[in-house]
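Below is one structure, written out as structure tokens; the observations come after it.
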Amino acid sequence: MKLKTITFLSALACFLPSAMANDAAVKDASEGFRLGEMSRISAALPKVRGHVLENYVEYWALRLAIDGARAEEIESFLQRHKSSAVADRLRVDWLKQLGKNDRWDEFVRVGEGFETDDAEVGCHRATLAARRGETGGAIPPGIWAERLTEACAQAFSALAERGRLSVEETVFRLRSAADGATFLAAQRVASALPESARPSEELLRRAFSTPEQQLKAPRVSGRAQREATLFALARAARTDPTRAAVLWDANRSRFSDDEQRFAAATLAYRFARRLETDDALRWFRQAGSETNMPRLGDWQVAWIARSALRELAWSDVLRAINAMSASSNGGQMDPTWRYWKARSLAALNDANGATNLYTELAKEFHFYGLLAAEEIKAPLPNPESLKTGTVTPTAEQLAKFEQSPAAKRVLKLSELGLRADAAREWFSVVREFGDAESLVASEWMRRKGIWDRSINTAERTRSAHDFGLRFQTPYDKEIRKAAASVNLDLSLTFGLIRQESRFWAEAVSSAGALGLMQVMPATGKWIAQQLSIPNYRPSMLTDIDVSTGFGTFYLKNALNNQNGSEVLASAAYNAGAGRARAWRHDRRALEGAIYAESIPFNETRDYVKKVLTNAVWYAHLGVGGETSIKKRLGVIQPKG
């Protein structure tokens with residue numbers, strides 16, 4: 001027995017360094033992939049044979065060389081790792097490559113029976129169908145996206161040539177392509193216009209590259225010239241809407257009423273993006289009524305609506321929302337615009353219309369659901385009713401995850417800090433789950449200490465919920481101690497950490513922020529100086545006590561500098577104190593919800609709303625603190 005034990009321990013001693021070395025090789029390969037260094041991946045490949053993440057290292061090697069990859073190599077990988085998350089990723093990448101290079105026979109073979117919501121693959125499929133003369137099939141949503149890709153522009157052109165898109169839709173897509181698409185994408189859309197309206201390549205390139213030159217053109221004759229000039233206006237207004245407006249005013253009489261309305265709407269959008277609300281609304285009011293206003297993208301009208309909100313111009317808010325599509329993702333049916341439409345109706349004395357919208361929204365758990373509930377004085381649900389889906393997994397249910405190769409990969413990816421890969425791998429496990437299965441999966445992840453996957457999985461439920469899993473409190477003792485040391489609201493602290501890192505202590509953001517509270521190394525150095533902590537090193541920020549101590553100090557400092565405003569403090573935590581102050585109104589106090597809604601950075605706007613929503617739910621579920629979202633939002637005083 002003693003000899004066997006010695007033999008086992010000796011074998012284990014040999015195995016552990018090898019396992020650690022293999023892990024190190026995987027990490028080095030992932031870094032090589034991030035930096036585009038094939039030599040590091042190639043060096044890792046022989047070291048990871050038999051490793052649970054061997055297929056990831058193979059994927060990184062193939063993906064990095066995909067421009068010159070041989071079909072046999074790709075298809076061999078897809079066959080060997082069939083139905084795995086990493087094979088699905090490579091299949092999507094390869095389908096994009098095949099579509100880009102017009103290798104349609106291979107595209108059909110590789111994509112047969114494969115379902116994906118990837119926008120570019122959907123556009124390539126639409127292009128192929130149109131070229132084959134097929135008249136059915138759904139129009140891919142990617143052709144209407146804010147950032148029109150070259151693949152989706154190609155699909156748009158093919159569909160238009162088949163008569164599935166109108167001239168009016170093509171005109172809209174060309175004009176909106178000026179807002180961030182590449183020249184090739186714009187050119188592909190333009191090619192679908194009738195000859196009389198189609199700018200030449202030379203004309204479109206001038207409008208794209210030197211828009212002021214096109215706006216100053218002494219002669220604007222014909223529809224193609226006018227379309228090029230409107231495209232140039234949109235391009236010029238991206239950098240200087242005031243200058244673009246001056247140039248437009250010198251030429252506007254040469255354009256039709258409809259074209260002038262489009263130009264006005266374009267300028268309104270661009271001034272709105274800069275929070276120059278007076279100019280935005282002045283131009284918006286020249287863009288026509290609801291019956292004749294030109295079509296804009298939902299993302300463009302949304303910014304005009306935000307400008308109108310900042311001026312409490314409720315009729316303009318309503319007109320902008322009514323100009324959106326019916327989409328639930330950025331359009332009229334998006335919770336954002338359902339709420340602000342209700343507010344507009346209420347301000348314009350349509351109480352019944354407002355109440356109907358509030359009542360439906362109040363059933364939802366997000367930021368706008370909380371706001372809507374307060375508008376109709378609906379109380380938050382009883383905490384116990386938010387745990388109706390609570391499950392106690394059986395040993396058999398948990399064993400399924402323990403034995404799942406994909407779940408094992410998630411554990412190892414998480415251990416190595418490859419968070420994005422872990423998220424994609426885990427999604428392949430849970431994507432078909434119903435509520436009960438999702439909650440079992442969430443509980444399994446909680447027991448493994450992988451809080452981010454646990455929380456995100458609990459959020460997938462549709463009717464049977466467990467808010468105890470959605471709003472977990474890992475590191476409770478350390479977080480309470482740190483918050484108490486600076487007299488910081490505990491529910492706000494938990495709410496911010498949940499948004500920053502989902503309680504992943506070793507989290508490292510793409511910008512380099514570290515730890516539970518995602519403190520930047522330079523900020524950590526400043527905090528260490530303020531707290532008289534010697535020998536500061538950035539690596540300290542992944543320590544639980546250091547991260548919570550530094551993060552709570554920094555958040556409390558932000559609150560103190562922003563007159564106690566949780567909105568401004570959370571905006572400052574994410575984007576910097578200077579920006580948070582700059583986004584205030586010049587002349588008037590803003591309702592906190594309106595300030596949050598009009599934050600120019602998409603990431604920060606979403607961040608602030610989620611931090612405060614998290615804080616409300618933590619307070620309601622027993623952490624303590626303010627449970628009114630409107631009180632937390634407060635009023636934001638003007639500049640000066």
Side-chain angles (χ1 to χ4, degrees), residues 67 96-102 118-124 126-127 130-131 139-161 165-217 219-241 243-244 247-248 251 255 259 262-263 265-267 269-270 273 294-300:
D67 287 345
K96 290 179 183 179
Q97 187 73 10
L98 295 173
K100 177 183 176 181
N101 294 315
D102 291 335
D118 184 85
E120 288 201 30
V121 172
C123 286
H124 283 311
T127 297
R131 290 182 176 180
I139 300 292
I143 69 169
W144 304 119
E146 178 177 355
R147 292 289 180 264
L148 179 66
T149 65
E150 291 171 3
C152 290
Q154 183 180 43
F156 189 100
S157 177
L159 290 164
E161 288 172 7
L165 298 168
S166 68
V167 173
E168 291 74 18
E169 288 173 314
T170 307
V171 168
F172 157 71
R173 185 66 272 194
L174 174 62
R175 292 173 176 179
S176 59
D179 190 22
T182 66
F183 174 75
L184 179 57
Q187 186 182 32
R188 285 175 170 172
V189 174
S191 70
L193 285 170
E195 186 174 355
S196 61
R198 185 191 314 146
S200 67
E201 179 179 348
E202 179 185 359
L203 189 57
L204 188 62
R205 189 176 295 280
R206 182 170 65 184
F208 184 91
S209 302
T210 55
E212 276 205 24
Q213 184 180 343
Q214 178 61 30
L215 286 170
K216 292 176 181 178
R219 296 177 58 193
V220 182
S221 58
R223 178 70 185 277
Q225 281 271 4
R226 297 200 306 276
E227 286 300 335
T229 302
L230 291 170
F231 187 94
L233 175 67
R235 293 286 298 176
R238 284 160 56 91
T239 54
D240 190 347
R243 173 68 175 161
L247 293 172
W248 168 250
N251 286 298
F255 292 78
E259 290 163 345
F262 169 76
T266 297
L267 290 167
Y269 161 60
R270 276 298 159 190
R273 288 296 302 258
R295 180 176 175 181
L296 294 178
D298 286 341
W299 69 93
Q300 296 170 314

Close side-chain approach of [X] to [Y], heavy-atom, < 4.5 Å:
X: P140; Y: L159; result: yes
X: L233; Y: L267; result: yes
X: W144; Y: D298; result: no

Which residue pairs pass the salt bridge (charged side-chain N to carboxylate O under 4.0 Å, His left out) test when at least one of the two sits in residues 167-181, sequence neighbours left out?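 Only R175-E227, D179-R238, D179-R270 qualify under salt bridge (charged side-chain N to carboxylate O under 4.0 Å, His left out).
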Pairs satisfying salt bridge (charged side-chain N to carboxylate O under 4.0 Å, His left out), at least one member in residues 205-215, at least two apart: E201-R205, E212-K216, E212-R243
Residues two or more places apart in sequence or in another chain: which of them pass side chain to side chain donor-acceptor pair (under 3.5 Å) with [X]?
X: E146; result: none
X: T149; result: none
X: S209; result: none
X: D118; result: K96

Applying side chain to side chain contact (heavy atoms under 4.5 Å, CB included), can you list everything that pairs with [X], at least two apart in sequence or on another chain?
X: T239; answer: none
X: A158; answer: T127, A130
X: A178; answer: F231, A234, R235
X: T229; answer: Q214, L215, V220, F255

Looking only at atom types and distance, does a side-chain atom of Q225 sit under 3.5 Å from a main-chain N or O of G222, one as donor and one as acceptor? no
Please list, chain by chain and in numerical order, all residues satisfying salt bridge (Lys or Arg N to Asp or Glu O under 4.0 Å) with R226, sequence neighbours excluded. E259
Looking at [atom1] of [X] and [atom2] of [Y], how far apart are the two atoms once the value is rounded to the nearest 0.5 Å?
X: S166; Y: F172; atom1: OG; atom2: CZ; value: 11.0 Å
X: S157; Y: R188; atom1: OG; atom2: CZ; value: 8.5 Å
X: L174; Y: L230; atom1: CG; atom2: CG; value: 9.5 Å
X: S200; Y: Q187; atom1: OG; atom2: CD; value: 10.0 Å
X: L204; Y: S191; atom1: CG; atom2: OG; value: 10.5 Å
X: Q154; Y: H124; atom1: CD; atom2: NE2; value: 7.0 Å

Output every pair passing ring pair (Phe, Tyr, Trp, His ring centres under 6.0 Å) with a member in residues 182-206, not counting sequence neighbours, ordered by first then second residue. F183-F208
Passing option when V189 is tested against L165, T170, I143 for side-chain contact (heavy atoms from CB on, under 4.5 Å): T170
Restricting to non-hydrogen atoms, name the atom on C152 and the atom on A119 that form the minimum distance, rounded to 0.1 Å.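 Between these two residues, the closest heavy atoms are SG-O, 3.9 Å.
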Which heavy atom of A126 sits nearest to which heavy atom of A155, and what is that distance?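 Between these two residues, the closest heavy atoms are CB-CB, 4.3 Å.
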